[in-house]
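Let me begin by presenting the structure, written as structure tokens, before commenting on it.
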Amino acid sequence: GMRRFLTVEELEAEVGKEVAVSEWMSLSQERVNQFAEATDDPQWIHVDPERAKRESPFGGTIAHGFLTLSLLPKFFEQCIDQYTNTKYQQ
């Protein structure tokens, strides 16, 4: 279920622990390519499936680390009730 933290102190008490697990998400090669274009980071490990299949230890392309990080708000929203304080409720 969704976790709820009413204070910063409650959240700080969870440092070092697994707080939540989001749903799995698949990223298409097209999305990775779009991110590569937007960030000017067209390294082959991200955008060249044939080369990545031959040369990468992962057997294919991988998403950019920053693409993964940019999805944190989505994952956070799935797992953490962010609006528990009434002054922030809409």
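Scope of the values below: all heavy atoms of this structure, side chains included, with no hydrogens, waters or symmetry mates. Fair warning: this is a prediction, and the values are worked out from it, not measured in the lab.
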Salt bridge (Lys or Arg N to Asp or Glu O under 4.0 Å) pairs touching residues 9-35, sequence neighbours excluded, are R3-E14
Rounded to the nearest 0.5 angstrom, the NZ-OG distance for K74 and S22 is 9.0 Å
For residues 38-53, the side-chain hydrogen bond (donor to acceptor under 3.5 Å, both in side chains) pairs (sequence neighbours left out) are R51-E55
Quick note, side-chain hydrogen bond (donor to acceptor under 3.5 Å, both in side chains) partners involving residues 56-70, not counting sequence neighbours, are Q29-T61
Tightest non-hydrogen contact, residues A52 and G60, listed as CB-C, 3.4 Å
Can [Y] be reached from [X] by stepping across I, L, V, M, F, W or Y side chains whose heavy atoms are under 4.5 Å apart?
{"X": "M25", "Y": "L67", "answer": "yes"}
{"X": "F76", "Y": "L11", "answer": "yes"}
{"X": "F75", "Y": "V32", "answer": "yes"}
{"X": "F58", "Y": "V47", "answer": "no"}

* Answer whether the closest heavy-atom distance between the side chains of L27 and F35 falls below 4.5 Å. => no
Check your understanding: Above 12 or not: heavy atoms from other molecules or residues under 6.0 Å from CD of Q34?
Key -> yes
